[in-house]
2 protein chains.
Amino acid sequence: MSPSAALPARDVAACCATPVTSAPLGADDALELARVLKALADPARLRLLSLIAAADGEEACVCDLTAPVGLSQPTVSHHLKTLVDTGLLTRDRRGSWAFYALVPGALDAVAGALQRPGR
Amino acid sequence: MSPSAALPARDVAACCATPVTSAPLGADDALELARVLKALADPARLRLLSLIAAADGEEACVCDLTAPVGLSQPTVSHHLKTLVDTGLLTRDRRGSWAFYALVPGALDAVAGALQRPGR
DNA sequence: CCCGGAGATCGACCGACGTCGATGTTGACG
DNA sequence: CGTCAACATCGACGTCGGTCGATCTCCGGG
């Protein structure tokens with residue numbers, strides 16, 4: 001169990017408390033924001049997010065995501081777990097399927113952490 | 001010379017043409033956006049960006065950045081080069097010093113690529 | 001013309017990460 | 001209760017990226 005997986009990982013919004021351009025950004029805040037951005041900095045995960053966002057009801061199961069991204073099922077599961085651990089997705093197990101959905105406002109919080117507060 | 005370093009790297013705004021949440025996001029667009037996000041997904045680079053943004057005139061030289069981030073001079077130069085190549089910073093050589101400044105609107109463009117178009 | 005300082009580049013080391021096949025787990029259905 | 005399908009986990013492999021010390025380049029000053 002890695003130390004980074006042990007933390008709450010439920011509050012993506014916490015990283016937008018101090019926007020990058022407003023103050024020198026402490027070491028801890030930089031580490032937290034980098035953790036979320038690192039989860040986003042992968043083509044496969046970006047495509048998975050957009051596929052889920054564009055899906056009906058804004059949720060999708062693994063079987064619907066494997067083909068479009070062109071990756072194996074274990075790899076897709078791995079990426080989805082990463083996004084869930086980061087607090088960007090939620091997992092809902094219904095029957096044999098696992099439905100993934102966007103956490104409302106999570107992406108907006110990350111976007112807010114990058115913009116300058118003045119404008 | 002890596003293939004990724006050969007491309008223009010001047011238009012960070014190009015990656016916000018199709019927001020993550022608006023369409024399934026093609027493989028090429030995902031690769032481009034991931035390239036910019038990967039440059040941001042590092043604590044040291046985030047701190048460098050915030051230091052430059054908070055500096056007087058929104059520019060700073062390497063000698064002023066080495067101490068605050070607690071890294072060696074070659075490492076800081078390496079990170080700054082990464083940010084310049086990605087189109088997030090500009091380098092201006094004046095005398096013996098190299099001044100780095102934010103590219104106006106670059107961070108906002110990345111932020112725009114993460115937000116949903118609807119709101 | 002020579003020297004010193006600021007910064008960039010080089011080469012190397014090492015940990016982190018994406019990817020896969022194989023296997024384990026869990027629920028649905030006869 | 002046995003079987004199958006969907007998904008998660010595991011172990012391994014190859015690559016990429018952050019970091020450093022050493023060195024190179026360039027400019028200013030004496």
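Letters go in sequence order (proteins before strands), and every chain restarts at 1. Heavy atoms only: backbone and side chains are in, while hydrogens, waters and symmetry mates are out.
- Across all strands shown, B:His78 has heavy atoms under 4.0 Å from base atoms, whether or not it also approaches the sugar-phosphate.
- Distance CG (B:Leu46) to P (D:dG18): 12 Å, rounded to an integer number of Å.
- Formation of a donor-acceptor pair under 3.5 Å by the B:Arg45 side chain with backbone atoms of B:Ala39 is found in this model.
- For A:Ser72, the side-chain atoms get nearest to C:dC20 when compared with the rest of C:dC20, C:dT9, D:dT19.
- The CZ atom of A:Arg94 sits 4.5 Å away from atom CD of A:Glu59, with the distance rounded to the nearest 0.5 Å.
- Remark: B:Arg93 is not in phosphate contact with C:dA8, judged by side-chain N or O atoms under 4.0 Å from OP1 or OP2.
- Using a 4.5 Å cut-off on side-chain heavy atoms (C-beta onward), B:Leu89 and B:Leu48 make no contact.
- For B:Lys38, whose side chain is taken as the heavy atoms from C-beta onward, the closest listed nucleotide among D:dC7, C:dT19, D:dG17 is D:dG17.
- Closest to the side chain of A:Ala98, from the set D:dC7, C:dT9, C:dT19, is D:dC7.
- Proximity of B:Gln73 to B:Ser77: side-chain heavy atoms (C-beta onward) are separated by under 4.5 Å at one or more points.
- Considering only side-chain atoms of B:Cys63, the nucleotide from C:dG7, D:dC7, C:dG18 that sits closest is C:dG7.
- Distance alone, capped at 3.5 Å, places no donor-acceptor pair between the A:Thr66 side chain and the A:Cys63 backbone.
- When each of C:dT19, D:dC7, D:dT19 is scored by its nearest atom to the side-chain atoms of A:Cys61, the top-ranked nucleotide is D:dC7.
- Note on B:Tyr100: a side-chain N or O is less than 4.0 Å away from OP1 or OP2 of C:dA8.
- Taken from CG in A:Leu107 to CG in A:Leu40, the straight-line distance is 6.0 Å, to the nearest 0.5 Å.
- Across the protein-nucleic acid pair, A:Asp64 atom CG and D:dA5 atom C1' stand 14 Å apart, rounded to whole Å.
- C:dT26 atom C1' lies 17 Å from atom CZ of A:Arg94, rounded to whole Å.
- Using a 4.0 Å heavy-atom criterion, one finds that B:Phe99 contacts no nucleic acid atom at all.
- For the OP1/OP2 pair of C:dG7 and a distance below 4.0 Å, the side-chain nitrogens and oxygens of B:Arg91 include no atom meeting the criterion.
- Between A:Ser96 and C:dG27 there is no side-chain N or O to OP1 or OP2 distance below 4.0 Å.
- We find that CG of A:Leu80 is positioned 13 Å from P of C:dG18, with the value rounded to whole Å.
- The side chain of B:Thr75 places an N or O atom within less than 4.0 Å of a non-bridging phosphate oxygen (OP1 or OP2) of D:dC20.
- Residue-to-nucleotide proximity on DNA chain C shows that, of A:Ala41 and B:Trp97, the 5′-proximal contact is made by B:Trp97.
- One can place NE2 of B:His79 at 13 Å from P of C:dA8, the figure rounded to the nearest angstrom.
- Distance, A:Lys81 NZ to C:dT19 P: 17 Å, rounded to whole Å.
- What separates CG of A:Leu31 from C1' of C:dA16 is a distance of 14 Å, to the nearest Å.
- With hydrogens and angles ignored, no donor-acceptor pair under 3.5 angstrom links the side chain of B:Gln73 to the base of C:dA6.
- In this structure, B:Asp92 atom CG and D:dC27 atom P are separated by 14 Å, rounded to whole Å.
- Of the candidate nucleotides C:dA28, C:dT9, D:dC7, C:dT9 has the atom lying nearest to any side-chain atom of B:Pro74.
- Residue B:Arg45 is in sugar-phosphate contact alone, with no base atom involved, counting any heavy-atom pair closer than 4.0 Å across all strands shown.
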